[in-house]
Amino acid sequence: MSVIKPRTPTGTLELLPLDQIAFQDLLDTIRRNYERYGFLPVETPAFELSEVLLTKSGGETERQVYFVQSTGSLKQGDAPELALRFDLTVPLARYVAEHEHALSFPFRRYQIQRVYRGESAQRGRFREFYQCDIDIVGKDELSVRYDAELVAVIASIFDELAVGPFLIQLNNRKLMRGFFERLGIADAEQQTLVLREVDKLDKRGADYVRRTLAGEGFGLAEAAIEAILGFVSKRSGSLAEARAMLGELGGGNAQLEAGITELGEVLDMLEGLGVPESRYALNFSIARGLDYYTGTVYETTLTEHPGIGSVCSGGRYDNLASHYTRSKLPGVGISIGASRLYWQLREAGLIGSAESTVQVLVTQMDPKLMPEYLKLARELRTAGINAEMVMDAGKLGKQLKYADKAGIRFAVILGEDELARGAVMVKDLRKQEQFETPRGELIKALRVEIEQAIALGELRRRGKAS
RNA sequence: GUGGAUGUAGCUCAGGGGUAGAGCAUCGGAUUGUGGCUCCGAGUGUCGCGGGUUCGAAUCCCGUCUUCCACCCCA
């Protein structure tokens, strides 16, 4: 009989249990912070109607969309009416438009789900991956103060992830467009093209951008190019510097002035929100690729790992759901690509395998004592301690080996000797220590051990809070 | 979609016209209440797929697929 080689399609991330636990810990941290800042959970279907998803046909998105089709429909040669979502923003727009009357505005939702993109796989880039989005959608209006609030959320998450220093870089599309307009680049399309090139500054360097802007398709005058480069090369190192950067821009047109005002308001909020100055900076080269951003744009990087690139990005959009409703729904949102983030952090050695979610293994020393083992396991579980029981008799050595390989930190051992003494043995496989405790104090003793390990950062809190 | 590379045991790879190897991993054992170290033993491959050259191909040639890297785009 021929067997099929078991393998996952390229561009998918499939993990072993201990790595999956580490990944889920990452998602949990993100989710916890989203909820802490008052965002509500939403899930939408993995696939949407094609007509809903592909509002803007042509271009990059359509090239990357996976269509979904039943075999029956495929045989009939019908065009697929379903497609897998490629981000969470388009489904959000549909969701808000569809449930507009049942939602409270400003609507704050978080969504942690997988999205699909049919692109060729590369390092840390997947065809199926998790996005963790938050968006705040207003009705008719939404204050830029919300734009500042998102900075606080990002800072809170990356602080808690403890992956070293990070920088949330801020910019504003109006400010950029206004600046280009002042230089005589008035056409919106042309501005978009310049935005896209300028965004590559930190990756490709000033010379690359200079050459591109002077080349065909742009052909900008040297003075304009130098003005642009001088503008986009600026970075703030502190709040005072950020304010000075805005102050030096001067005015000249409504867009530029609006951008300066908006960014200024965002800066004014950050201190009160408790975001340290070291966590954010203005960077006038940040543009983001998506063309629906109209105001604030965000891009977060890990200072000590520039190679990882952006770990969280997003921005403000004027009218989220114009394709689905006549209501004006402005919003602001950010997204964390969790699969890529996890993968990159692991590559950089910033994240390892976790310990098992199983906290204690109840070993089976003597099959005759099975009723005792069952009782022990029940006690542990009732106390909120995650416990696994060995059901098959076998050598104790093998059972401990199993616990070790499975990443289980503690083993409980009970044989004739302990039973006679009314005691039970607790073994810490990591510390290579064991101690005997009176049977009645097992739970207390284990809790102390577990809390200690959590305090040392060796374990994460599992099971119900005790 | 464009350009470049790759493909040999579960993994990392060596070999290079005469029919396949190492390390790691896996499993078993080292006197029946204690894991990660050590020692002993065991198994596995249509050498990516198809065709050609040859007495003979994993090894040379052609095609094809796959995976990877860069561009594009993005998380």
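We name chains A, B, ... by the order of the sequence lines, and we start the count at 1 in each one.
Residues A/Trp343 and A/Arg125 are not in side-chain contact: their nearest non-hydrogen atoms beyond the backbone lie 4.5 Å or more apart. Considering only heavy atoms from C-beta on, A/Val115 stays 4.5 Å or farther from A/Phe86 through its side chain.
The stacking criteria are not both satisfied for A/Phe126 over the base of B/A75, which would need a centre-to-centre distance under 5.5 angstrom and an angle between ring planes under 30 degrees.
If you take atom P in B/A75 and the same atom in B/U2, they sit 25 Å apart, rounded to whole Å. A distance of about 29 Å separates the C1' atoms of B/A70 and B/A14, rounded to the whole Å. Across the C1' atoms, B/G33 and B/A42 are found 29 Å apart, a figure rounded to whole Å. The gap from the C1' atom of B/U53 to that of B/C62 amounts to 11 Å, rounded to the nearest Å. Taking the P atoms as reference points, B/G41 lies 25 Å from B/A9, given to the whole Å. Separating the P atom of B/G45 from that of B/A20 is a span of 11 Å, rounded to the nearest Å. Rounded to whole Å, the separation between the P atoms of B/C24 and B/C37 comes to 11 Å. With P as the reference atom, B/C11 and B/C61 are 27 Å apart, rounded to whole Å.
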Show me the dot-bracket string of RNA chain B, counting Watson-Crick or G-U pairs under 3.5 Å, with | for pairs to another strand and [ ] for crossing ones. (((((.(..((((....[..)))).(((((.......))))).....(((((..]....)))))).)))))....
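Residue A/Tyr130 is classed as having no contact, given no heavy-atom separation below 4.0 Å to the nucleic acid. A/Asp366 comes within 4.0 angstrom of no nucleic acid atom, judged by non-hydrogen atoms across all strands. Here A/Ile336 lies out of heavy-atom contact (under 4.0 Å) with every strand. Within 4.0 Å (heavy atoms only), A/Gln399 reaches no atom of the nucleic acid at all. At the heavy-atom level, A/Ser339 lies nowhere under 4.0 Å from the strands shown.
In this model, a side-chain donor or acceptor of A/Arg125 finds a partner on the base of B/C73 within 3.5 Å. Looking at A/Glu418, its side chain comes within 3.5 Å of the base of B/G33 through a donor and an acceptor atom.
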Any chance you could lay out the side-chain hydrogen bond (donor to acceptor under 3.5 Å, both in side chains) test for A/Glu35 and A/Tyr110, step after step, and finish with the verdict? CA-CA 8 Å; A/Glu35 291 190 349; A/Tyr110 77 82; 2.5 Å; yes
Under the criterion side-chain contact (heavy atoms from CB on, under 4.5 Å), I'd like the reasoning laid out for A/Ile157 against A/Phe166: C-alpha separation, chi angles, the key distance, then a yes or no. CA-CA 11 Å; A/Ile157 289 170; A/Phe166 57 90; over 6 Å; no
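As rounded to whole Å, 12 Å separates atom C1' of B/U32 from atom CG of A/Leu396. For A/Lys405 and B/U26, the NZ to C1' distance is 8 Å, given to the nearest whole Å. Residue A/Leu361 contributes atom CG, which lies 16 Å from atom P of B/G36 at whole-angstrom precision. Taking atom CZ of residue A/Arg340 and atom C1' of nucleotide B/C73, one finds them 12 Å apart after rounding to whole Å. If you measure from atom CZ of A/Phe86 to atom C1' of B/A75, you get 14 Å, rounded to the nearest angstrom. Going from atom CD1 of A/Ile334 over to atom C1' of B/C74 covers 17 Å, rounded to whole Å. In this structure, the CG atom of A/Leu302 is 13 Å from the C1' atom of B/A75, given to the nearest Å. The OH atom of A/Tyr373 sits 10 Å away from the C1' atom of B/G33 (whole-angstrom rounding).
Nearest heavy-atom pair, A/Ala287 versus A/Met176, reported as atom, atom and distance to 0.1 Å: CB-CE, 4.0 Å. Minimum interatomic distance between A/Arg279 and A/Pro165 (heavy atoms only, all atoms of both residues): NH1-CA, 3.9 Å. Across all non-hydrogen atoms, the minimal contact from A/Ala148 to A/Tyr298 is N-OH, 4.5 Å. Contact detail for A/Leu88 and A/Arg109: the closest heavy-atom pair is O-NH1, 3.6 Å.
Mapping A/Arg430 and A/Glu416 onto RNA chain B by nearest heavy atom places A/Glu416 at the nucleotide closer to the 5' end.
Regarding contacts with the backbone of B/A75, every side-chain N or O of A/Arg114 stays at 4.0 angstrom or more from both OP1 and OP2. Using a 4.0 Å cut-off, some side-chain N or O of A/Thr10 falls inside it from OP1 or OP2 of B/U67. Look at A/Arg204 and you'll find a side-chain N or O under 4.0 angstrom from OP1 or OP2 of B/C72. For B/C27, neither phosphate oxygen OP1 nor OP2 lies less than 4.0 angstrom from any side-chain nitrogen or oxygen of A/Lys398. Here A/Lys200 reaches the OP1 or OP2 of B/C73: one of its side-chain N or O atoms lies under 4.0 Å away.
Taking only side-chain atoms of A/Phe129, from C-beta outward, the nucleotide of B/C72, B/A30, B/A75 with the closest atom is B/A75. Picking from B/C73, B/G35, B/A75 the nucleotide with the shortest atom distance to the side chain of A/Lys401 gives B/G35. Listed candidates were B/A75, B/G33, B/U34. Nearest to the side chain of A/Gln434 is B/U34. Of the candidate nucleotides B/C72, B/G35, B/C74, B/G35 has the atom nearest to the side chain of A/Asp404.
For an aromatic pair to be called close, the ring centres must be under 6.0 Å apart, and A/Tyr66 with A/Tyr116 fails this.
When the salt bridge (charged side-chain N to carboxylate O under 4.0 Å, His left out) test is applied to A/Asp187, no partner is found at least two apart in sequence or on another chain.
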